[in-house]
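Just below is one structure, and these are the notes that go with it.
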Amino acid sequence: MLKKISVIVSCYNEEESLPLFYQEMNKVMEELKKYKFELIFVNDGSKDKTLEVIKTLRKKDNRVRFVSFSRNFGKEAAMLAGLDYSTGDYVTLMDADLQDPPKMLPEMLKYIEEDGYDCVGTRRVTRKGEPPIRSFFARRFYKLINKMSKVEMVDGARDYRLMTRQMVEAILNCREYNRYSKGLWSFVGFKTKWLEFENVQRVAGETKWSFWKLFKYAIEGIVAFTTVPLTIAAFLGILFCFIAFVMIVVIICKTLIWGDPVSGWPSLACIIIFVSGIQLFFMGIFGEYLAKTYLETKKRPIYIVKETEKEIQ
Ligand code: UDP
Ligand code: MG
């Protein structure tokens, strides 16, 4: 029996990149004749002709399957839907813009089949072509989250990876609403081999990630994989109590020894503003965790499917 590889491609407004992607992918499929393939395109509520392009590909090639969402649910939801629909022995996730080179697949397969790895991940060693500010904050973010979280997040790691069915099932068991896959991959464990490659620029179209979207995603990662900010809040609380206690003792002694001239209200005002600022800041952090818990308890579906290839047979 031939082994089957599922290729999951999340697409949001990718009408220009998709034909190029298919062409490139086809070359790799020709090369890997020993395997069966299914290409699962997840249309994440695109506003352009992405779905039409996918349907045309499906008419040409019945290895093409698709899942189309009722609206844009985000890349995390798209990846999950792809994993849900995949049936292959090996599963790989790719971007539609060819920033994840399909030609790395044969090498990735070799590591899994010959060297006994469960997963082969990829990481960019350069961030060429990316705005410098974005790279700077990305680096700081990975430093910070790795300090705080037990789960290791690899700097520059892409979502592009090849996994065994066993690992996919483990991921599918994590049904949280606030998904942060980079953490989930590490969370489920398994033996992972990292391949490095130079950053490739998008073939067509433009990036869907604004700085603000990335910032929110970073917060999502922190809230999803560590509770260290809550511990910091508790620690600061204790520290402030201690300082206050020392100050009380000092003031009482001072008053007993030198009397009590009323003075020092500006410093008092500063202290009050400082402490209430810190309180508000940490209330914001608690709020962040609470909000995530709230969304989690609602148990809303992570994505809603409008159409799949079965309906257009
Ligand atoms: N994507 C998606 N839903 C979204 C945003 C992006 O499915 O809401 C897909 C997009 O079509 C692409 C991949 O996720 O295949 C990566 O997006 P992009 O290339 O814009 O991100 P970048 O590579 O710049 O980080
Ligand atoms: Mg991209």
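Each ligand, and each atom within it, is numbered from 1 in the order the structure gives. Numbers here are sequence positions counted from 1.
Considering V67, L51, L18 as possible partners of F41, the one that fulfils the side-chain contact (heavy atoms from CB on, under 4.5 Å) test is L18.
In the vicinity of D97, heavy-atom distances shorter than 4.0 Å reach the ligand 1 atoms 19 (O), 23 (O). Near D95, with a cut-off below 4.0 Å to any heavy atom, the atoms of ligand 1 are 13 (C), 15 (O), 16 (C), 23 (O). Each of the atoms 24 (O), 25 (O) of ligand 1 lies under 4.0 Å from some heavy atom of R134.
With F136 as the aromatic partner, R139 does not meet the cation-pi criteria of under 6.0 angstrom to the ring centre and within 45 degrees of the ring axis.
Atom 5 (C) of ligand 1 has K208 CB, 3.7 Å as its closest protein atom, hydrogens excluded (heavy atom only). Protein heavy atom at the shortest distance from atom 14 (O) of ligand 1 is K75 CD, 3.2 Å. With respect to atom 1 (N) of ligand 1, the closest heavy atom belonging to the protein is Y12 CB, 3.8 Å. For atom 8 (O) of ligand 1, the nearest protein heavy atom (residue, atom name, distance) is N72 ND2, 3.2 Å. For atom 18 (P) of ligand 1, the nearest non-hydrogen atom of the protein is R202 NH2, 3.5 Å. The protein heavy atom nearest to atom 11 (O) of ligand 1 is E14 OE2, 2.6 Å. For atom 21 (O) of ligand 1, the closest non-hydrogen atom of the protein is W209 CD1, 2.9 Å.
Members clustered with I248: I252, L256, by chain and number, using a 4.5 Å side-chain heavy-atom cutoff among hydrophobic residues.
Residues E38 and S86 bring no donor and acceptor atom of their side chains to less than 3.5 Å of each other. With hydrogens and angles left out, the side-chain atoms of Y12 and K47 include a donor and acceptor closer than 3.5 Å. Side-chain atoms of Q99 and Y160 form no donor-acceptor pair, as typed in the model, at a separation below 3.5 Å.
With respect to K27 and E24, a salt bridge is recorded, a charged nitrogen being found less than 4.0 Å from a carboxylate O. Ion pairing of E220 with K216 is absent here, as no side-chain N (NZ or NE/NH1/NH2) approaches a carboxylate O to less than 4.0 Å.
Proximity of D44 to ligand 1, defined as any heavy-atom pair under 4.0 Å, is confined to the side chain (atoms from C-beta onward). Within the 4.0 Å heavy-atom criterion, neither part of V42 lies near ligand 1. In S10, the parts holding a heavy atom less than 4.0 Å from any atom of ligand 1 are both the side chain and the backbone.
Between the side chain of E76 and the backbone N or O of S181, at least one donor-acceptor pair lies under 3.5 Å.
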Less than 3.5 Å apart, which donor and acceptor atoms pair up between the side chains of residues 104-121 and the rest of the protein, not counting sequence neighbours?
from, atom 1, to, atom 2, distance (Å)
E113, OE1, Y35, OH, 2.5
E113, OE2, Y90, OH, 2.8
D118, OD2, K191, N, 3.0

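Put simply, no part of E76 is less than 4.0 Å from ligand 1, judged by heavy atoms.
For residues 83-99, the pairs satisfying salt bridge (Lys or Arg N to Asp or Glu O under 4.0 Å) are K75-D95, D84-R175, D95-R158, D97-R202, with sequence neighbours left out.
Considering backbone and side-chain N/O atoms, A96 comes within less than 3.5 Å of an N/O atom of ligand 1.
No more than 12 heavy atoms of other residues, nucleotides or ligands sit less than 6.0 Å from atom CD1 of I133.
Protein contacts to the Mg ion (ligand 2) involving N, O or S atoms at a distance below 2.8 Å are D97 OD2, Q99 OE1.
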